[in-house]
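Since the structure comes first, as structure tokens, the remarks are kept for the end.
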There are 2 protein chains.
Amino acid sequence: MKERDRLADILRRRGLRVTPQRLAILSFLDGNTDHPTAEDIYAAVKAQHPAISLNTVYKTLEAFEEADLVWRFRAGQKHKSHYDPNSRTHPHVVCTRCGSVDDLPDDGENLQADAEKSLPDGHHDVLRVEVCVVVGLCEECDDHDE
Amino acid sequence: MKERDRLADILRRRGLRVTPQRLAILSFLDGNTDHPTAEDIYAAVKAQHPAISLNTVYKTLEAFEEADLVWRFRAGQKHKSHYDPNSRTHPHVVCTRCGSVDDLPDDGENLQADAEKSLPDGHHDVLRVEVCVVVGLCEECDDHDE
DNA sequence: CCGCTTTCGATAACTATTATTATATGCTAA
DNA sequence: TTAGCATATAATAATAGTTATCGAAAGCGG
């Protein structure tokens, strides 16, 4: 029961209610480096919670994102969102054909210069290095803030 | 007629047929730094081609992307794709609320370290720097290649 | 345990994109 | 220049991923 308490604490500390569904989703994401999609998460959690709905997964991920428990990004497969529980800034490798997403180990300086060298085995032929700097709010959005 | 010929040449050089629709779309994209969506492009081109369909815009952009005339990325607004005719590797600033996309001038080394410093006026509060390295194919996709 | 609030799940709606197909048009070779 | 072929176009329908609605169920503070 210790693991459950640990996860429940994480939720509570972020002001989120503790429910079996949220625990299951958080448990699946915790330490996960596979960049799963909502569908992936749904499939995995369904094993323990056959009645869970995809909607709930989306709602939960939305809550997790707002609470900064996961990072959501859209650079990968088709138009699916990928969810990454690793909050450390780090680069991703995306296959331009299948959209698979992998982590790059490099997290420091000279990212672009190092990109080609640090590509994991099986990735090659860099077409382009796309760098997306994501900030909280642009000026316009900040103005409209309360 | 000179400008038209210039654009037509660009198309032909990439093995693309020259049509009024393609010329209009290319003309709109040429030198454009606004990262327009398919919808944006559709709206702009409709001025000269009221009969053009959104479908044609998508098909044309798909052809342009394959011919490497534009770069398509999905990191911005909701799940819309943005199209960028600038083929030079360069970073983008994305507002996490409205999804607006701006170019960062920096294109060299130390991108991540420089990101905060090089943020254009009106952007602030860096939540996270997301770096996406896009390669041609991962090993699996390359194996299935002919 | 009570009551208030939030979350859940079923269902439907929505948005961005892609597929289908008949017609129209660009392009090539005679 | 034109015939014929391949490709592009536009109308329409379909799809994928996600978000909205709402009644029922469950968490949480007292």
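In what follows, chains are A, B, ... by sequence order, proteins preceding strands, each numbered from 1. Keep in mind it's a predicted model, so treat the numbers as computed, not measured.
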Mind checking whether [X] and [Y] have side chains closer than 4.5 Å, heavy atoms only?
X       : Y       : result
B:Tyr83 : B:Thr37 : no
A:Pro85 : A:Trp71 : no
A:Val18 : A:Arg4  : yes
A:Asp84 : A:Thr33 : no
A:Leu11 : A:Arg17 : no

Decide whether [X] and [Y] meet the rule of one side-chain donor and one side-chain acceptor closer than 3.5 Å.
X       : Y       : value
A:Arg74 : B:His79 : yes
B:Ser27 : B:Asp30 : no
B:Ser81 : B:Arg72 : yes

N/O contacts under 3.5 Å, protein versus nucleotides 1-6 of chain D?
| unit_1 | atom_1 | unit_2 | atom_2 | d |
| --- | --- | --- | --- | --- |
| D:dA6 | N3 | B:Arg17 | NH2 | 3.3 |

With a 4.0 Å limit, can you tell me whether B:Gln21 has a side-chain N or O closer than that to the phosphate oxygens OP1/OP2 of D:dA10? yes

Check the phosphate of C:dA10 against A:Thr56, side-chain N and O only, distance under 4.0 Å to OP1 or OP2. Yes or no? no

When you group the ILVMFWY residues by side-chain heavy-atom contacts below 4.5 Å and let the links chain together, are B:Leu29 and B:Phe73 in the same group?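 Looking at the clustering, B:Leu29 is in a separate group from B:Phe73.
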
Whole angstroms only, please: what is the [atom1]-[atom2] distance between [X] and [N]?
X       : N      : atom1 : atom2 : answer
B:Asp9  : C:dC27 : CG    : P     : 12 Å
A:Leu23 : D:dA26 : CG    : P     : 16 Å
A:Phe64 : C:dC8  : CZ    : C1'   : 14 Å
B:Arg12 : D:dT7  : CZ    : P     : 17 Å
A:Arg22 : D:dA26 : CZ    : P     : 15 Å

Using atom names, set out every protein N or O paired with an N or O of nucleotides 11-18 of chain C below 3.5 Å, distance rounded to 0.1 Å.
| unit_1 | atom_1 | unit_2 | atom_2 | d |
| --- | --- | --- | --- | --- |
| C:dA16 | OP1 | B:Lys80 | NZ | 3.1 |
| C:dA16 | O3' | B:His79 | O | 3.4 |
| C:dT17 | OP1 | A:His79 | NE2 | 3.2 |
| C:dT17 | OP1 | B:Ser81 | N | 2.7 |
| C:dT17 | OP1 | B:Ser81 | OG | 3.0 |
| C:dT17 | OP2 | B:Tyr58 | OH | 2.3 |
| C:dT17 | O5' | B:Tyr58 | OH | 3.2 |

5' priority, DNA chain C, between A:Leu16 and B:Lys59 [closest heavy atom]: A:Leu16

Should the pair B:Glu3-B:Arg6 be classified as a salt bridge under the 4.0 Å nitrogen-to-oxygen rule?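 Salt bridge flag = yes for B:Arg6 with B:Glu3.
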
With the threshold set at under 4.0 Å for non-hydrogen atoms, list the residues of residues 45-53 of chain B touching DNA chain D in residue-number order.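 Within residues 45-53 of chain B, the residues near DNA chain D are B:Ala51, B:Ile52, B:Ser53.
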
What pair of heavy atoms forms the shortest contact from A:Leu16 to A:Leu69, and how long is it?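 Closest heavy-atom pair between A:Leu16 and A:Leu69: CD1-CD1, 4.0 Å.
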
